[in-house]
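A short worksheet on the structure shown next.
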Amino acid sequence: MFVQNRLTSWIAGIRQQIALPLRIELWNGQHVDFSTETPRVTIRLPNVSAARYLLTPSLSNLGAAYVEGAIEVKGRAHDMIAVVNALARTTLKAEGKFARIVRGMVHSKQKDAEAIRYHYDVSNEFYQQFLDPAMVYSCAYFEDGDEDLASAQAKKIDHILRKIELQPNQTLLDIGCGWGALVIRAAQQYRARCVGITLSENQFALAKERVRRAGLEHLVEIRLQDYRDVRGRFDRITSVGMFEHVGVKHLPEYFAAIHRLLADDGVVMNHGITTTDPDNGETPYGGGEFIGKYVFPQGELAHIGHVLKAMQQGKLEVGDVENLRRHYARTCAIWTDNFEAHAERVRTLAGDKRYRIWHVYLAGCSYAFEQDWISLYQIVGRKAGQRSAALPWSRRHMYPESPNLVIPA
């Protein structure tokens with residue numbers, strides 16, 4: 001009775017403050033709507049004890065309850081995330097326990113490899129359900145804003161290759177190469193000699209097969225290898241969606257390793273997610289806690305200011321920084337739509353629990369980018385200490401030539 005009374009009071013308080021397209025179904029068959037609008041999200045509490053998740057509706061509490069089957073949630077992921085965030089904002093204070101917590105994690109080659117395999121080695125077919133045909137699992141580049149996902153991913157890769165001023169016959173190292181899309185395109189378009197490394201066995205196997213099918217084995221080598229174990233020098237280095245796994249404290253070491261691998265006149269491009277909290281904290285209301293537990297173990301986000309400092313500590317000079325936050329919000333929204341369109345197949349491939357994890361994770365990421373909780377930066381750099389003549393005069397090389405504008409008389 002005590003819990004039920006608290007829930008009744010909580011419901012009344014929420015309804016006085018905000019109208020939501022939400023229905024809560026209780027264990028006794030009763031239901032409560034939070035507006036006159038047709039509900040787009042339904043949360044079912046199967047028993048009295050499940051009410052405690054609503055009474056403290058942090059993203060970690062409600063997310064874990066949904067994933068573990070303690071509550072049932074119906075609706076499209078975008079609507080689910082919007083409703084849950086509204087409940088969190090209305091009920092909780094974005095401070096104290098629900099603030100942007102800063103966590104220190106211990107990283108090692110073994111722990112990092114285990115974390116990568118947990119996330120990426122679900123199955124290649126699982127990722128094929130929501131990624132583009134080239135299976136590019138990172139922020140796309142919507143140059144005009146109306147591109148389909150496949151076009152935007154191809155434009156992203158081309159954008160990166162122009163940024164690093166890749167030339168024919170140069171050597172390119174791609175750290176965290178995924179399923180090989182970037183190195184394959186670099187070899188096809190520039191005849192570059194490429195090495196792609198990953199810690200995911202599934203990515204390694206499929207990337208090697210894709211290189212073989214493309215007839216590029218003479219130009220592209222895929223390795224199952226940690227970046228700390230790579231030897232040699234490369235004219236160009238790219239790292240796309242990988243440095244989030246490095247650990248905030250280890251970023252200077254990471255960039256120092258890139259410095260060691262980079263030719264003296266080489267160019268590096270780092271593309272990765274950052275927090276917008278200057279103190280390197282996680283997203284508010286427990287969102288980071290949920291992702292760390294269920295999605296990206298060992299994952300840590302640094303603020304862009306911290307990243308730039310770490311690059312300088314690694315003896316790299318930053319030459320260009322571009323914010324692609326809007327692009328990643330759209331990318332994740334498309335991934336979410338694709339995921340839901342193939343829901344039954346995803347459940348078959350991954351099981352109910354992993355389906356629920358990813359159902360809220362993808363939409364939650366889109367929401368976080370929309371809200372400026374997290375961001376995405378591409379950073380171009382060179383070895384520090386070079387004469388200024390080694391630097392480009394402008395950014396013109398980064399963008400395809402546009403047709404001349406015709407101004408009507």
Task: Interatomic spacing from NZ in Lys315 to CD1 in Ile258 - rounded to 0.5 Å - done: 15.0 Å

Open item on the list: Please determine whether the number of non-hydrogen atoms from other residues, nucleotides or ligands lying under 6.0 Å from atom NZ of Lys309 exceeds 12.
Closed with: no

Task: Nearest-0.5 Å distance, CD of residue Glu322 to CG of residue Asp320 - done: 6.5 Å

Task: Contact check, side chains of Glu340 and His359, non-hydrogen atoms, under 4.5 Å - done: yes

Task: Arg44, CZ atom: more than 12 neighbouring heavy atoms under 6.0 Å - done: yes

Open item on the list: For Gln203 and Thr198, which I'm curious about, is there any donor-acceptor pair between the side chains at under 3.5 Å?
Closed with: yes

- [ ] Go through the structure and list residues passing ring pair (Phe, Tyr, Trp, His ring centres under 6.0 Å) with Phe255, not counting sequence neighbours.
- [x] none

Open item on the list: What I'd like to find out is whether the side chain of Val41 reaches to under 4.5 Å of the side chain of Val84, using heavy atoms alone.
Closed with: no

Open item on the list: Is a donor from one side chain sitting under 3.5 angstrom from an acceptor on the other, for Lys156 and Ser138?
Closed with: yes

Task: Close aromatic pair by centroid cut-off 6.0 Å: Trp335 and Tyr127 - done: no

- [ ] With rounding to the nearest 0.5 Å, note down the distance linking CG in Leu173 to CZ in Arg236.
- [x] 13.0 Å

Open item on the list: Are the side chains of Asp337 and Arg76 in contact, using a 4.5 Å heavy-atom criterion?
Closed with: yes

Open item on the list: With heavy-atom distances below 4.5 Å as the criterion, would you say the side chains of Val360 and Val73 are in contact?
Closed with: no

Task: Donor-acceptor contact present, side-chain Gln225 to main-chain Ile197, <3.5 Å - done: no

- [ ] Output all residues satisfying ring pair (Phe, Tyr, Trp, His ring centres under 6.0 Å) with Tyr367, sequence neighbours left out; order by chain, then residue number.
- [x] Trp373

- [ ] Indicate yes or no: does Glu165 engage Arg382 in a salt bridge with an N to O separation below 4.0 Å.
- [x] yes

Task: Close side-chain approach of Asn280 to Asp277, heavy-atom, < 4.5 Å - done: no

Open item on the list: Using modelled atom types and a 3.5 Å cut-off, is there a donor and acceptor pairing between side-chain atoms of Thr348 and backbone atoms of Glu344?
Closed with: yes

- [ ] May I ask you to test the Val195-Val230 pair for a side-chain heavy-atom distance under 4.5 Å?
- [x] no

- [ ] Take Asn202 and Ser200 through the test side chain to side chain donor-acceptor pair (under 3.5 Å) and record every step on the way to the result.
- [x] CA-CA 5 Å; Asn202 284 359; Ser200 163; 5.6 Å; no

Open item on the list: Is any side-chain heavy atom of Trp179 closer than 4.5 Å to one of Asn124?
Closed with: yes

- [ ] Can you measure from NE2 (His271) to CG (Leu182) and round to the nearest 0.5 angstrom?
- [x] 10.5 Å

Task: Of all pairs that satisfy salt bridge (charged side-chain N to carboxylate O under 4.0 Å, His left out), the ones with a partner from residues 210-221, not counting sequence neighbours - done: Glu209-Arg212, Glu209-Arg213, Glu221-Arg223

Enumerate, atom names and distances included, each donor-acceptor pair closer than 3.5 Å involving a side-chain atom of residues 128-135, sequence neighbours excluded.
{"unit_1": "Gln129", "atom_1": "NE2", "unit_2": "Glu125", "atom_2": "O", "d": "2.9"}
{"unit_1": "Asp132", "atom_1": "OD1", "unit_2": "Val136", "atom_2": "N", "d": "3.0"}
{"unit_1": "Asp132", "atom_1": "OD2", "unit_2": "Ala134", "atom_2": "N", "d": "3.1"}

Open item on the list: For Arg231, is the CZ atom crowded, meaning more than 12 foreign heavy atoms sit under 6.0 Å from it?
Closed with: yes

- [ ] Determine, using ring centers only, whether Phe290 and Tyr361 are less than 6.0 Å apart.
- [x] no

TODO: Ignoring hydrogens and angles, tell me if any N or O in the side chain of Asp79 forms a donor-acceptor pair with the backbone of Arg40 under 3.5 Å.
DONE: no

Open item on the list: List the residues meeting ring pair (Phe, Tyr, Trp, His ring centres under 6.0 Å) with Phe34, not counting sequence neighbours, and say none if there are none.
Closed with: none

Open item on the list: Working to the nearest 0.5 angstrom, can you tell me the gap between Leu324 CG and Phe369 CZ?
Closed with: 10.0 Å

- [ ] Keeping the roles fixed (side chain from Glu253, backbone from His250), state whether a donor-acceptor pair exists under 3.5 Å.
- [x] no

- [ ] List the steps, then state whether side-chain contact (heavy atoms from CB on, under 4.5 Å) holds for Thr276 with Arg325.
- [x] CA-CA 11 Å; Thr276 55; Arg325 176 167 70 89; 5.5 Å; no

Task: side-chain contact (heavy atoms from CB on, under 4.5 Å) partner of Arg15, chosen from Val32, Asp33, Leu20 - done: Val32

- [ ] May I ask you to decide if the ring planes of Tyr227 and Tyr254 are parallel, tilted or perpendicular, using 30° and 60° as cut-offs?
- [x] perpendicular

Open item on the list: Can you list everything that forms a ring pair (Phe, Tyr, Trp, His ring centres under 6.0 Å) with Tyr141? Sequence neighbours excluded, please.
Closed with: His159, His327

Task: NZ/NE/NH1/NH2 to OD/OE distance under 4.0 Å, Arg193 and Asp235 - done: no

Open item on the list: With side-chain contact (heavy atoms from CB on, under 4.5 Å) as the test, pick out the partner of Leu54 among Leu62, Ile71, Thr91, Ile11.
Closed with: Leu62

TODO: Calculate, to the nearest 0.5 Å, the distance between atoms CD1 and CD1 belonging to Ile184 and Ile157 respectively.
DONE: 9.0 Å

Task: Heavy-atom side-chain proximity of Arg162 to Pro400 below 4.5 angstrom - done: yes

